[in-house]
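What follows is one structure encoded as structure tokens, with my remarks underneath.
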Amino acid sequence: DKGKYRHFMLKEIFEQPNVVAETLEGRVVDHQVYIETLGENATKVFEQLDAIQIIACGTSYHAALVAKYWIEHYLKLPCLVEIASEYRYRETAVLPNSLFVTISQSGETADTLAALKKSKDEGYLASLTVCNSPASSMVRESDLTLLTRAGAEIGVASTKAFTAQLVSLLLLMISIGKAKGMKSSIEHEFVEALEHLPHEIQLALDQAKELEKLSGAFAEKHHTLFLGRGQQYPIAMEAALKLKEISYIHAEAYAAGELKHGPLALIDKEMPTVVVAPNDNLLEKLKSNVEEVRSRGGSLFVFADKSANIQASNGITVFPVDSQYAITAPMVYTIPMQLLSYYVAVIKGTDVDQPRNLAKSVTVE
Ligand code: F6R
């Protein structure tokens with residue numbers, strides 16, 4: 001039932017504050033993370049592990065890429081991320097004491113499941129799935145399970161499942177960190193950010209009307225470029241995927257530092273550029289990337305924290321995002337990206353919930 005919403009996708013976008021709260025329920029108590037279903041066995045595995053391999057497809061792959069930034073930054077553990085269809089068909093070199101992680105909304109994606117089965121003969125410490133479907137094949141085939149609790153997702157384009165994956169991966173990162181002696185002050189900081197996340201997502205949702213207005217600038221275009229840096233680069237990738245899937249506008253994501261290495265040649269007034277700005281040590285670099293695009297006549301749409309102090313000017317539209325905590329910024333910035341794609345698709349009149357040629361669960365390769 002779509003309730004008051006025109007599409008399931010919009011309903012699912014608006015469910016995200018609850019989905020985050022649901023995913024945290026019972027797992028964050030007294031400023032501490034404890035995931036009951038992972039239990040003793042998981043703690044033993046986490047103590048021993050020296051590396052993490054994550055496998056997924058599509059949107060779930062983008063969640064994995066964000067987790068890589070977190071795991072390498074905060075845990076100093078090597079984290080390899082690969083799409084399942086590549087991993088399953090090649091000879092791989094497994095790092096010693098690695099944990100094999102799959103991420104999947106459906107738990108039935110053929111390539112991810114095949115990669116999981118292949119991993120069993122490859123010498124991993126254990127397999128863990130971050131999954132939204134409790135009764136799925138991936139849950140059955142994995143040693144450990146972390147459920148994302150997004151509820152059933154009907155829209156083919158994944159939205160709330162992605163946010164729930166990011167929240168779960170952050171909980172997983174903290175759980176591994178604890179087994180490896182993470183300082184409780186750092187754990188408390190992350191928990192504080194997670195506890196504020198439903199509210200920050202709600203603030204982003206409250207801007208839906210403004211995003212609807214902004215979407216008109218994209219609907220007539222044939223291409224869009226998305227730029228990000230650091231942990232926001234995968235968010236730019238996810239934004240580009242969402243726009244292509246539901247509006248059929250060709251969209252590409254680039255790490256902003258790659259502009260000069262090719263994509264700058266594409267910039268003209270017919271190619272809008274969306275920037276997902278981080279509010280961290282990469283912000284100054286990103287500002288110069290924005291200038292590179294502007295000076296070549298491109299129109300820019302910069303999503304940035306109010307404190308980032310990026311000025312709107314000729315060719316630059318600034319869209320403020322309230323995001324107080326660096327660690328959860330990827331989840332918060334995801335919301336305006338989802339809403340933007342949604343409203344562009346609505347203007348174009350595409351079948352938002354059932355995009356052409358796509359299936360919700362890809363059980364054949
Ligand atoms: C994009 C989308 C797909 C899925 C991909 C993996 O909106 O929905 O890219 O993310 O097919 O599906 P799961 O997560 O079920 O393995």
Side-chain angles (χ1 to χ4, degrees), residues 7-13 15-16 19 23 54-67 81-88 100-119 127-142 145-169 226 234-249 251-253 334-335 337-342 344-345 350-365:
H7 295 101
F8 280 108
M9 183 181 175
L10 190 62
K11 175 172 178 260
E12 289 163 359
I13 289 172
E15 276 169 10
Q16 290 174 109
V19 163
T23 298
I54 314 183
I55 297 296
C57 302
T59 291
S60 300
Y61 168 70
H62 297 148
L65 290 174
V66 175
V81 175
E82 191 165 343
I83 47 178
S85 58
E86 284 300 313
Y87 183 90
R88 68 176 286 196
F100 184 87
V101 177
T102 53
I103 308 174
S104 178
Q105 188 285 125
S106 62
E108 302 296 345
T109 301
D111 285 325
T112 313
L113 188 57
L116 169 60
K117 288 181 178 161
K118 175 183 180 236
S119 77
S127 58
L128 183 152
T129 189
V130 176
C131 189
N132 199 43
S133 309
S136 64
S137 307
M138 265 179 244
V139 168
R140 270 197 311 278
E141 295 281 339
S142 300
T145 296
L146 177 51
L147 291 175
T148 44
R149 301 182 186 161
E153 193 177 56
I154 310 289
V156 166
S158 185
T159 52
K160 62 176 182 171
F162 179 65
T163 316
Q165 285 168 347
L166 290 175
V167 169
S168 303
L169 287 163
F226 287 87
I235 300 308
M237 296 169 79
E238 173 58 11
L241 176 62
K242 226 68 317 166
L243 188 68
K244 317 186 229 227
E245 264 183 304
I246 61 167
S247 76
Y248 314 149
I249 291 174
E252 277 197 78
T334 293
I335 310 302
M337 296 298 117
Q338 294 170 344
L339 286 168
L340 184 66
S341 308
Y342 173 77
V344 173
T350 56
D351 189 344
V352 172
D353 286 334
Q354 285 282 327
R356 66 185 183 200
N357 313 338
L358 297 177
K360 182 68 189 159
S361 185
V362 186
T363 52
V364 289
E365 59 174 303

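What's counted below: heavy atoms across the whole structure, side chains too, no hydrogens, waters or symmetry copies. Whatever order the structure lists ligands and atoms in, that order sets their numbers, starting from 1.
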Side chain, backbone, both or neither: E108 near ligand 1, heavy atoms under 4.0 Å: neither
Polar contact flag for L241 and ligand 1 (N/O pairs, less than 3.5 Å): no
Aromatic plane relationship, Y87 with F100 - under 30° parallel, 30 to 60° tilted, over 60° perpendicular: tilted
Part of T59 within contact of ligand 1 (heavy atoms, under 4.0 Å): both
Minimum side-chain heavy-atom gap P355-Y248 below 4.5 Å: yes
Validation row: H62, Q165 side chains within 4.5 angstrom (heavy atoms): no
Side-chain heavy-atom pair L169, V66 within 4.5 angstrom cut-off: no
Chi angles and distances behind the side chain to side chain contact (heavy atoms under 4.5 Å, CB included) call for Q338, T163: CA-CA 11 Å; Q338 294 170 344; T163 316; 4.2 Å; yes
Heavy-atom nearest neighbour in the protein, as seen from atom 11 (O) of ligand 1, with distance rounded to 0.1 Å: V362 CG2, 4.0 Å
Any side-chain heavy-atom pair of E365 and S85 under 4.5 Å: no
Enumerated ligand 1 atoms positioned under 4.0 Å from heavy atoms of S60: 10 (O), 13 (P), 14 (O)
Donor-acceptor pair between T159 and Q16 side chains, under 3.5 angstrom: no
Interfacing atoms of ligand 1 (cut-off 4.0 Å, heavy-atom, E245): 1 (C), 2 (C), 7 (O)
Distance filter under 4.0 Å to S104 heavy atoms, resulting ligand 1 atoms: 13 (P), 14 (O), 15 (O), 16 (O)
Pairing residues for D353 by the salt bridge (charged side-chain N to carboxylate O under 4.0 Å, His left out) criterion, not counting sequence neighbours: none
Protein contact of atom 6 (C) of ligand 1 - nearest heavy atom, named by residue and atom, plus distance: C57 O, 3.4 Å
V156 contact mode with ligand 1 (heavy-atom cut-off under 4.0 Å): backbone
Atom 12 (O) of ligand 1 [closest protein heavy-atom partner, distance rounded to 0.1 Å]: T109 OG1, 3.5 Å
Geometric N/O contact Q165 with ligand 1, under 3.5 angstrom: no
Atoms in ligand 1 with a heavy atom of A157 nearer than 4.0 Å: 7 (O)
Structural part of K242 in contact with ligand 1, heavy atom criterion under 4.0 angstrom: side chain
Q105 and S60: CA distance, side-chain angles, deciding distance, side-chain hydrogen bond (donor to acceptor under 3.5 Å, both in side chains) verdict: CA-CA 7 Å; Q105 188 285 125; S60 300; over 6 Å; no
